[in-house]
Amino acid sequence: MTVVTRFAPSPTGYLHIGGARTALFNWLFARHHGGRYLLRIEDTDRQRSTDAAIEAIFDGLRWLGLDWDGEVTYQFARADRHAAAAQRLLDAGRAYRCYCTPEELETMREQARKEGRPVRYDGRWRDRDPKEAPPGVRPAIRFKAPREGASTIADRVQGEVTVQNEQLDDLIILRADGTPTYNLSVVVDDHDMGVTHVIRGDDHLTNAFRQMQLYLAFGWDVPEFAHVPLIHGPDGAKLSKRHGALGVDAYREMGYLPEALRNYLLRLGWSHGDDEIISTEQAIEWFTLDHVGRSPARFDFAKLGNLNGIYMRRSEDEALARAAEPFLARLAGRALEASEQAMLRAAMPSLKERAKTLVELADNAAFLVARRPLAYDAAAGQQLTPDARARLGRIASALAALDGWEAAKAEAAVRALAEAEGEKLGKLAQPLRAALTGRTVSPPVFDVLAVLGREESLARIADAAKG
RNA sequence: GACCCCAUCGUCUAGAGGCCUAGGACGUCACCCUUUCACGGUGAAGACACGGGUUCGACUCCCGUUGGGGUCGCCA
């Protein structure tokens, strides 16, 4: 049997981070088993589904590299098939018409809540003669759920979970307007798509029991279920926006690399011994449901940042430069010039050592696109004392006398000067850094010098020396 | 409230009854490296929620308590 998994988001918003992890697990599981990973858009809620949200889901998945197999299935397009399936249950006596109005149901629920009883549909139309139907009311179709016994799911993550059937009420499978509801659509689609493993958030665990009964009623094989714990915020509560419940596009904009985010998401709720840095190839080889944890994990930006830093440092300079260019251009407020693109690449080895995100990296590279005369930040301004300015003049002379403009040569010259003046290197390096970058924190100052080039460097030093 | 799930350092986790004096990673702190910041290196602090069992022996099994989460829609 070949494995078939699916990711089935509803396009009512962006692709959020929890959904991305669900997609990742499905993708990995299918790839691990050499199976298929399908994408289904659950757009049966016509009010809330939007094309923009569908595009956001596609974009997010593509950016994360979670390519799906075959065509995308749109659930709404299969409404007729779902209605036919409901009719089949009706014909078989496994479903019935319910003439309750929404108001009536709401009253029923309120009453139950007030009396402390379980809030469930009481089955009042289950065995009632349809002849008693009130005139003018269009009925919804309800599934006739078993009332005795128990249902057990051998969940691949949660283990054996049993629920007494009396806990399950008769769910609506077809609305009064003839459109299918979620639980029916999911079962019919998963069956028709040949899905063998349903891997999803554990907020669906209770649905699984209803869905299992539907599979049984249809006489279909029940797929394997794997309900993965949800991702929580740092406080253990539901993930809020402030805490990371953002669309994956937001992570892209914050400057995270897709491979780093993938690695982070993978380790959130899944582990392989003490391994932390796991390539996608390795993940495909290792990923099974056996090591998916059962307790909810909290989202931690600090760890994501650390991971992203590691992935950036491991990236090829050229690839990282391409990824960083939009961020630097945004910071400059204009397109980058060819010379600036070249400088970015030249500076990349030292730039990528000291950033956790592309946003940070671009910020650290701001000196590359700054225009003279530089604005000095407060700390840099303090470096440029009269003494320091005078020293910058002498540094400029020493540098100007150089033939060649490599970092090593510049360093040797400045070191020699420091020694001649009986000063520690830092005494010269810090003002120099301030003059060249406008800040007191930057990549190694001689690298900066080399990347900026002779002309620009000397001009910036002269600017600072002048005061 | 009912039903279901969960519970190891602050966080992510390893741990399948003796391997645990509970391991790794992030974060924190200290030191080293050093022209700044990083990176890197070394080291430190830091957890089995609680109470009962079962067992020669429980982080590991069972029960309960507490705490957290999920679900109870003609939403998905």
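On a predicted model such as this, the values are computed, not experimentally measured, just so you know. So you know, we letter chains A, B, ... as the sequences are listed, proteins then strands, and number each from 1. The analysis underlying the following values was restricted to heavy atoms, covering all of them including side chains, and did not include hydrogens, waters or symmetry mates.
- Look at OH on A:Tyr311: it is 14 Å from P on B:rC26, rounded to the nearest Å.
- Comparing atom distances between the A:Leu425 side chain and each of B:rC74, B:rG70, B:rU35 picks out B:rU35 as nearest.
- A side-chain donor-acceptor contact under 3.5 Å links A:Ser151 and A:Gln213.
- Applying side-chain contact (heavy atoms from CB on, under 4.5 Å) to A:Leu289 and the options A:Ile199, A:Val228, A:Asp155 leaves one that passes, A:Ile199.
- Annotation: B:rU13 and B:rC59 have their C1' atoms spaced 14 Å apart (nearest Å).
- Annotation: of the two residues near RNA chain B, A:Ala355 and A:Leu230, the 5′-most nearest-nucleotide partner is A:Ala355.
- Residue A:Leu105 is in base contact, counting any heavy-atom pair closer than 4.0 Å across all strands shown.
- Distances shorter than 4.0 Å separate none of the side-chain N or O atoms of A:Arg439 from OP1 or OP2 on B:rU36.
- Residue-to-nucleotide contacts include no donor-acceptor pair under 3.5 Å from the side chain of A:Arg313 to the base of B:rC39.
- Ion pairing between a basic and an acidic side chain is recognised when a charged N comes within 4.0 Å of a carboxylate O; A:Glu419 and A:Arg415 show no such pairing.
- Take the nearest nucleotide of RNA chain B for A:Ala302 and for A:Pro139: the residue whose nucleotide is more 5' is A:Ala302.
- The residues A:Asp169 and A:Arg210 are annotated as salt-bridged, a charged nitrogen and a carboxylate oxygen being separated by less than 4.0 angstrom.
- Of the P atoms belonging to B:rC63 and B:rC26, the separation is 38 Å, rounded to the nearest Å.
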Problem set entry | Protein proximity profile, nucleotides 2-17 of chain B - base contact B, sugar-phosphate-only contact S, no contact -, cut-off 4.0 Å on heavy atoms | SSSSSS---SBSSS--

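- Among the atoms of the strands shown, none is found under 4.0 Å from any heavy atom of A:Pro229.
- Spacing of C1' atoms, B:rA45 relative to B:rU11, comes out at 16 Å, to the nearest Å.
- Across the strands present, B:rA44 finds its partner in B:rU28; the criterion is a Watson-Crick or G-U wobble pair with both atom distances under 3.5 angstrom.
- Note: NZ (A:Lys352) to P (B:rG40) measures 13 Å, nearest angstrom.
- Between B:rC9 and B:rC48, the two C1' atoms lie 10 Å apart (nearest whole Å).
- Put simply, the side chain of A:Ile141 does not reach to within 4.5 Å of the side chain of A:Gln87, judged on heavy atoms.
- Nearest approach of A:Phe143 to A:Asp170, heavy atoms of both residues: O-CB, 3.1 Å.
- In the set B:rA76, B:rU36, B:rG27, B:rA76 carries the atom at the smallest distance from any side-chain atom of A:Ser10.
- To the nearest angstrom, P of B:rC74 lies 13 Å from CG of A:Leu174.
- Straight-line distance from the CG atom of A:Leu436 to the C1' atom of B:rC37: 16 Å, rounded to whole Å.
- Taking atom C1' in both B:rU60 and B:rC20, the straight-line distance is 11 Å, to the nearest Å.
- Using a 4.0 Å heavy-atom criterion, one finds that A:Asn207 contacts the bases of the nucleic acid, with or without backbone contacts as well.
- Going from the C1' atom of B:rG52 to that of B:rC4 covers 25 Å, rounded to whole Å.
- At a threshold of 4.0 angstrom between heavy atoms, the contacts of A:Pro9 with the nucleic acid are absent.
- For the P atom pair drawn from B:rA22 and B:rC50, the interatomic distance equals 15 Å after rounding to whole Å.
- Atom P of nucleotide B:rG40 and atom CZ of A:Arg354 are separated by 12 Å, given to the nearest angstrom.
- The phosphate of B:rA76 (OP1 or OP2) has a side-chain N or O of A:Thr44 nearer than 4.0 angstrom.
- With hydrogens and angles ignored, the 3.5 Å screen pairs no side-chain donor or acceptor of A:Lys352 with any backbone N or O of A:Leu320.
- Looking at heavy-atom distances under 4.0 Å, A:Cys100 makes contact with a base.
- In this structure, A:Asn183 places its CG atom 11 Å from P of B:rC74, rounding to the nearest Å.
- With sequence neighbours excluded, the residues forming a ring-ring contact (aromatic ring centres under 6.0 Å, His included) with A:Phe25 are A:Phe287, listed by chain and number.
- For B:rU34, there is no paired nucleotide, since no Watson-Crick or G-U wobble pair has both relevant distances below 3.5 Å.
- Among the heavy atoms of the strands, none lies under 4.0 Å from A:Thr12.
- Checked for salt-bridge contact, A:Arg394 and A:Glu421 meet the test: a charged N lies under 4.0 Å from a carboxylate O.
- Base pairing of B:rU54: no nucleotide in any strand meets the Watson-Crick or G-U wobble criterion (both distances under 3.5 Å).
- Contact check on A:Asp192 versus A:Arg78 returns a salt bridge, with a Lys/Arg side-chain nitrogen under 4.0 Å from an Asp/Glu carboxylate oxygen.
- Salt-bridge check for A:Arg109 with A:Glu106: passed, with a basic side-chain N closer than 4.0 Å to an acidic carboxylate O.
- One atom, CG of A:Asn263, and another, P of B:rA25, lie 15 Å apart when rounded to the nearest Å.
- The side chain of A:Arg48 places no N or O atom within less than 4.0 Å of a non-bridging phosphate oxygen (OP1 or OP2) of B:rA76.
- If you check B:rU36, B:rG69, B:rG27 against the side chain of A:Ser442, the one that comes closest is B:rU36.
- Summarising the geometry, the separation between CD1 on A:Ile41 and C1' on B:rA76 is reported as 13 Å, rounded to the nearest angstrom.
- Nucleotide B:rA2 has B:rU71 as its partner under the Watson-Crick or G-U criteria, with both atom distances under 3.5 Å.
- Pairing for B:rU65 goes to B:rA49, judged as Watson-Crick or G-U wobble with the two contacts each under 3.5 Å.
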Would you tabulate the nitrogen or oxygen pairs shorter than 3.5 Å linking the protein to nucleotides 41-49 of chain B?
none

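- With C1' as the reference atom, B:rA14 and B:rU8 are 10 Å apart, rounded to whole Å.
- Ring orientation note: the planes of A:Phe301 and A:Phe299 are nearly perpendicular, at an angle over 60° on the 30°/60° scale.
- For the residue pair A:His82/A:Asp189, the side-chain donor-acceptor check at 3.5 Å is satisfied.
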